[in-house]
Amino acid sequence: MFKSIITRALTILFLCAVVIACQEEKKKRINFPPTDLAKENLIPKPLKIIPTNMAFGLDRYTAIYTTQDAKGFSEVGQFLADKIKAKLDLDVPVNSEGEEPIERIIYINQSDSLELNSTEAYQLYITQDSVILNSNTAEGAFRGIQTLRQIIPEESIDTLAEQRIWPIPSGMITDNPNFGFRGSMLDVARHFFSVEDVKKYIDLLSYYKINVLHLHLSDDQGWRIEIKSWPKLTEIGGSTEVGGEAGGFFNQEDYKEIVAYATKHYMTIIPEIDMPGHTNAASVSYPFLNGNGKTPKLYEGTRVGFSTFDTRKDTVYSFIDDVVREISAITPGPYFHIGGDESHVTKKNDYIYFVEKVEKIVQKYGKRMIGWDEIASAEVDSTSISQYWSSGKNAQKAIKRGMKVILSPAKKTYLDMQYDTLSKHGLHWAAYIPVDSAYVWTPEEYEGIPMENILGVEAPLWSETISNIDELEYLAFPRVIGYSELSWSIKENRDWENFKIRLANQAPYLDRMDVKFYASPKIDWKKSKYTYEEIKKD
Ligand code: ACM
């Protein structure tokens with residue numbers, strides 16, 4: 001404790017010395033043209049922005065300092081330095097002197113301020129001499145860093161100074177998310193996606209403060225995660241995919257690598273094993289699981305609703321126990337998703353019996369059960385979570401049980417829905433979802449679901465029609481950027497006309513990240529190399 005007070009005092013003294021030194025060197029201060037922090041192209045829009053119309057000059061005389069006696073802060077500082085290096089090719093030292101004299105600092109500070117009394121809250125104070133980021137937790141600092149990344153300009157400006165300078169608009173930002181759960185889902189079962197693909201998706205999502213990635217790891221067409229006690233699941237069940245390509249799977253080391261990468265980005269991975277329906281790949285691997293009365297064969301089509309586990313066999317539950325145990329052991333997040341959707345060939349009573357038994361298994365391994373909205377027809381616990389995709393009636397049942405609901409209504413949030421009739425990929429059974437329709441709705445007031453029951457918003461990306469990262473990006477971007485704002489920003493701060501302009505200005509970032517986004521003609525994209533004309537020619 002004493003040591004920590006001394007460290008704090010020394011840090012404050014150091015900061016004062018830097019600020020005084022900076023003031024003494026006023027002659028070195030660059031006169032930037034006036035800025036307006038409130039007009040920056042931030043997504044999601046922060047809670048409150050107060051511009052002070054000057055600028056912090058980021059240059060080679062800038063250093064990052066962080067609180068060092070609180071977990072994770074120096075890593076967040078390093079993360080920022082790495083991203084600045086990648087964006088500007090500028091080296092900014094972290095908690096060290098570096099090669100150059102220090103004239104300005106970015107200080108990432110652990111603060112116990114009550115105003116910041118929520119895990120992801122942060123404040124940014126940007127002046128000519130310093131950027132101070134305050135947060136209670138490293139997670140809050142990580143969210144704040146994304147804001148800072150978005151206001152660091154892509155280009156340096158011309159000044160009389162001999163070094164390159166990137167002006168960051170000055171002012172104050174106070175921010176805190178509207179929903180603590182802001183997610184996307186990736187279906188790696190219909191088509192398999194590599195660890196590298198998933199990592200790139202995590203990079204992009206976390207830039208927009210999305211904090212949950214739900215992985216749909218099994219379905220009729222493929223089983224995608226190694227289960228050591230049941231090896232045929234991946235040997236047989238992982239051997240193909242929609243369209244008959246080679247399929248694939250994550251071994252447990254791969255999965256751990258994804259989880260570690262997500263953790264570094266303050267993102268929770270939710271594993272989903274879909275059951276009792278959507279289980280053809282599991283039943284082909286181990287036919288005793290099968291309950292639909294037919295001999296299962298590997299399936300490469302896209303029909304749904306024909307498979308089921310045998311819900312009245314004890315050995316089926318021993319199998320599920322092993323699967324939940326092995327996956328839970330390598331999943332630090334609090335959730336386990338059991339699917340539960342479209343079990344059209346499972347008798348209603350069998351389905352209810354199944355969900356109630358599996359819920360106990362999930363709880364035994366310390367996880368909170370999530371299931372698609374159908375699960376609320378069983379007597380599930382109020383701590384379990386219903387993911388609303390299709391049925392308002394099921395959502396109401398979940399509310400009666402006191403459950404939380406994740407909002408993923410297919411007609412609003414399904415990323416695999418086509419933008420319009422010209423879309424190269426995707427389906428349209430729920431709706432066409434153009435970029436404006438994806439954004440213009442109000443989760444807080446969706447179909448009368450009380451705000452206190454809403455855990456958050458998740459945008460699922462099913463992969464029947466996409467088989468590589470370019471196609472994934474075409475469907476996810478730009479719509480997922482809108483879902484980030486729908487779940488982070490309060491209703492009063494959301495406005496389509498204003499969002500449209502900020503979205504148009506994401507093009508340089510998306511281009512730099514080589515994201516093959518759909519350049520919707522509804523948006524006046526800034527300097528994108530993918531113009532609408534090019535997209536139409538494809
Ligand atoms: C679903 O789209 N079957 C959850």
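Counting starts at 1 for both ligands and their atoms, in listed order.
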Please verify the inter-ring angle class for W429 with W389; under 30° counts as parallel, over 60° as perpendicular, anything in between as tilted. perpendicular

Derivation and outcome, ring pair (Phe, Tyr, Trp, His ring centres under 6.0 Å), residues Y208 and F477: CA-CA 12 Å; Y208 295 105; F477 294 90; 7.1 Å; no

Could you check F79 against H265 for ring pair (Phe, Tyr, Trp, His ring centres under 6.0 Å), going step by step and ending with a plain yes or no? CA-CA 9 Å; F79 184 95; H265 292 74; 5.4 Å; yes

What about the rings of Y201 and F193, do their centers lie closer together than 6.0 Å? no

Would Y509 and Y207 count as a close aromatic pair, with their ring centres under 6.0 Å? yes

With ring centroids as reference points, do W488 and F179 lie under 6.0 angstrom apart? no

Could you pull out every N or O of ligand 1 that sits under 3.5 Å from a protein N or O, with the distance for each pair?
{"from": "ligand 1", "atom 1": "2 (O)", "to": "Y414", "atom 2": "OH", "distance (Å)": "2.7"}
{"from": "ligand 1", "atom 1": "3 (N)", "to": "D341", "atom 2": "OD2", "distance (Å)": "2.7"}
{"from": "ligand 1", "atom 1": "3 (N)", "to": "E342", "atom 2": "OE1", "distance (Å)": "3.0"}

